[in-house]
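For reference, the structure is listed below as structure tokens.
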Amino acid sequence: MDTYDLITRNAAEVVTEDEVEAMAEDPEGKRAYVGYEPSGVLHIGHMLTANKLIDLQEAGFEVTVLLADVHAYLNDKGSFEEIRETAEKMQEQFIAYGLDEERTEFVYGSAYQMDEDYELDLHALQVETTLNRAQRAMAEIRSGETAKVSHVVYPLMQALDIEYLDVDLAIGGMDQRKVHMLARENLPELGYDSPTSLHTPILADLTEGVGKMSSSTGVTVSMENSREEIEERVNSAYCPPTRDPDPDDEGNERENPVLEVFRYHVFPRFEAVVVERPDEYGGGLEYEDYEALADDLESGELHPADAKSALAEYLDRLIAPGREKLRD
RNA sequence: CCGCCCUUAGCUCAGACUGGUAGAGCAGUCGACUGUAGAUCGACUUGCCCCCCGUUCAAAUCGGGGAGGGCGGACCA
């Protein structure tokens, strides 16, 4: 696979392709970053962007993981002390998950976000940004909660982080694209470069195939799940034998979450996928790429139940090292 | 500071006027059917009715006090 394809594989969107192509010419030493609000436990959503970081490291990038403690504080996630503790646990899990320790720098937001330069630039950005724009870019607020001033400051700091961490490429889920667009438009007003960004898809909820997989509904897969829990959750996932399911009763588009997890989590991390299947149904199968597996599910050659047991197996392998860390 | 509105199941809310065993929808759980899930049937669970005091035989409901949240308070007339 050539470098550009490696950098952009499984991305939902790249802004812009030309800028990324230029980076792919000479990727060695280029810098990329993702910011995470420390939550203590790595879940499948974190793992999706982490996969992209692993791709980038393989391409030669240096990676910065921002442990966004100040952002978590702005989002009312607890005291600084509590947030810091969970951040430390998270850092270990990222390494256990497979990030290259040599090429990963973990930075706490509080290490530079209180500096005078940063604060002054933040105020400058506040002057440049309309309330409406900041509101559209802000992180989703919990239901029942109303927007606070902290919520609109939040995306402005994300934009500024890109400059202060000196990154060439900002990574995030599609839910972060408005932040990155705001950064592209407003950072130049402060005399900084307009940043390049790459967005990963947001995977559908496992049980519904609609909306996004969220920790709030409890149906997610994380580093604290046992093998049995993973099997249980994967087994209860929505999985019609097609890659393009019909909309639900309310007309919402549905995805096949089992295929999505194969595509975005399993195949990027394994050479091949072996599906163990009882002899009565035709015996074992092996797939070297996602398309082959999806084709077989579509044609009926691969039954969803067999796909699920394989998925649980590979997810468990991905999670096992982090789970060990968490146990200590 | 002043005024108005809201607070009941995980969520959205009815119930209050007229006091009498706390409800619906959705979600969730469990079965049936499918070699998965969903859909479809069938069954089931869920509560500090925001807090305190009072009235009453009896308070989610009436009265008083308090807390939390939301909205409003330019000019003109």
Side-chain angles (χ1 to χ4, degrees), chain A residues 39 41 43-45 74-79 131-132 135 138-152 201-222 224-267 273-287 290-319:
Chain A
S39 68
V41 177
H43 60 65
I44 196 164
L74 289 174
N75 216 359
D76 201 18
K77 293 293 169 63
S79 70
L131 192 53
N132 186 36
Q135 233 158 352
M138 73 189 178
E140 203 177 327
I141 55 177
R142 287 188 287 266
S143 78
E145 226 191 1
T146 37
K148 302 281 177 52
V149 174
S150 59
H151 290 128
V152 291
I202 300 296
L203 299 197
D205 179 84
L206 263 187
T207 58
E208 310 275 341
V210 181
K212 76 170 169 179
M213 207 177 313
S214 89
S215 42
S216 59
T217 59
V219 242
T220 182
V221 172
S222 83
E224 57 186 11
N225 291 136
S226 65
R227 163 110 195 187
E228 291 69 33
E229 287 169 326
I230 293 170
E231 284 171 355
E232 234 176 74
R233 289 175 186 202
V234 170
N235 184 50
S236 65
Y238 173 67
C239 186
T242 173
R243 44 179 23 126
D244 187 24
D246 293 330
D248 68 13
D249 294 340
E250 283 146 23
N252 300 309
E253 281 302 317
R254 278 193 287 199
E255 303 298 328
N256 184 321
V258 169
L259 281 182
E260 284 193 323
V261 176
F262 265 116
R263 177 172 180 185
Y264 294 103
H265 287 280
V266 176
F267 280 102
V273 169
V274 174
V275 177
E276 287 179 31
R277 187 168 63 171
D279 287 338
E280 69 170 300
Y281 297 123
L285 292 164
E286 182 165 345
Y287 299 99
Y290 164 73
E291 292 300 332
L293 185 148
D295 283 345
D296 269 10
L297 188 81
E298 192 92 53
S299 73
E301 172 62 26
L302 174 63
H303 191 278
D306 295 320
K308 282 181 174 180
S309 62
L311 183 60
E313 162 68 24
Y314 284 91
L315 267 183
D316 185 62
R317 286 195 212 174
L318 287 170
I319 277 164

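Just so it is clear, the values below take in all heavy atoms, side chains as well, and ignore hydrogens, waters and symmetry mates. Remember, it's a predicted structure, so these values are computed and weren't measured experimentally. Within every chain, numbering begins at 1; the chains are lettered A, B, ... in the order of the sequence lines, protein sequences first and strands thereafter.
Following rounding to the nearest Å, A:D248 (CG) and B:A27 (C1') show an atom-to-atom distance of 14 Å.
Base pairing analysis places B:C62 opposite B:G54; the two distances defining the Watson-Crick or G-U wobble pair are each below 3.5 Å. Pairing for B:G19 is absent, with no Watson-Crick or G-U wobble pair whose two atom distances lie under 3.5 Å. Base pairing annotation: B:U40 forms a Watson-Crick or G-U wobble pair with B:A32, both donor-acceptor distances under 3.5 Å. The partner of B:A77 cannot be assigned: no Watson-Crick or G-U wobble pair with both contacts below 3.5 Å exists in any strand. Pair check for B:G3 finds B:C71; Watson-Crick or G-U wobble, both atom distances under 3.5 Å. Taking a pair to require two hydrogen-bonding distances under 3.5 Å in either a Watson-Crick or a G-U wobble arrangement, B:G25 pairs with B:C11.
Remark: the separation of the P atoms in B:C5 and B:C62 is 13 Å, to the nearest Å. With C1' as the reference atom, B:A27 and B:G10 are 7 Å apart, rounded to whole Å. For B:G15 and B:G70, the C1' atoms lie 22 Å apart once the distance is rounded to whole Å. Between B:U46 and B:C53, the two P atoms lie 28 Å apart (nearest whole Å). Separating the P atom of B:U61 from that of B:U18 is a span of 15 Å, rounded to the nearest Å. The separation of B:C2 from B:G66, taken at their P atoms, amounts to 11 Å, rounded to a whole angstrom. Annotation: B:A16 and B:C49 have their C1' atoms spaced 11 Å apart (nearest Å). B:C30 and B:G23: their P atoms are spaced 25 Å apart (whole Å).
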Using nucleotides 36-39 of chain B, report all nitrogen or oxygen pairs with the protein that are shorter than 3.5 Å.
unit_1, atom_1, unit_2, atom_2, d
B:U36, O2', A:N235, O, 3.1
B:U36, O2', A:N235, OD1, 2.7
B:U36, O2', A:K308, NZ, 3.1
B:U36, O2, A:K308, NZ, 2.7
B:U36, N3, A:C239, O, 2.6
B:U36, O4, A:C239, O, 3.3
B:A37, O4', A:A237, O, 3.3
B:A37, O4', A:K308, NZ, 2.9
B:A37, O2', A:S236, O, 3.1
B:A37, O2', A:A237, O, 2.7
B:A37, O2', A:Y238, N, 3.1
B:A37, N3, A:C239, N, 3.2

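Distance CG/A:D316 to CD1/A:I230: 4.5 Å, rounded to 0.5 Å. Atom CG of A:N235 is separated from atom CG of A:L311 by 11.0 Å, given to the nearest 0.5 angstrom.
Remark: A:Y314 engages A:F270 in a ring-ring contact (aromatic ring centres under 6.0 Å, His included) (not counting sequence neighbours). Evaluation of the salt bridge (charged side-chain N to carboxylate O under 4.0 Å, His left out) rule for A:D295 yields A:R243 as partners, not counting sequence neighbours. Partners of A:H303 according to the side chain to side chain donor-acceptor pair (under 3.5 Å) rule, which considers only residues two or more places apart in sequence or in another chain, do not exist here.
Note on residues 304-313 of chain A: pairs passing side chain to side chain donor-acceptor pair (under 3.5 Å), not counting sequence neighbours, are A:R227-A:E313, A:E313-A:R317. Annotation: salt bridge (charged side-chain N to carboxylate O under 4.0 Å, His left out) contacts involving residues 275-287 of chain A, sequence neighbours excluded, comprise A:R277-A:E301.
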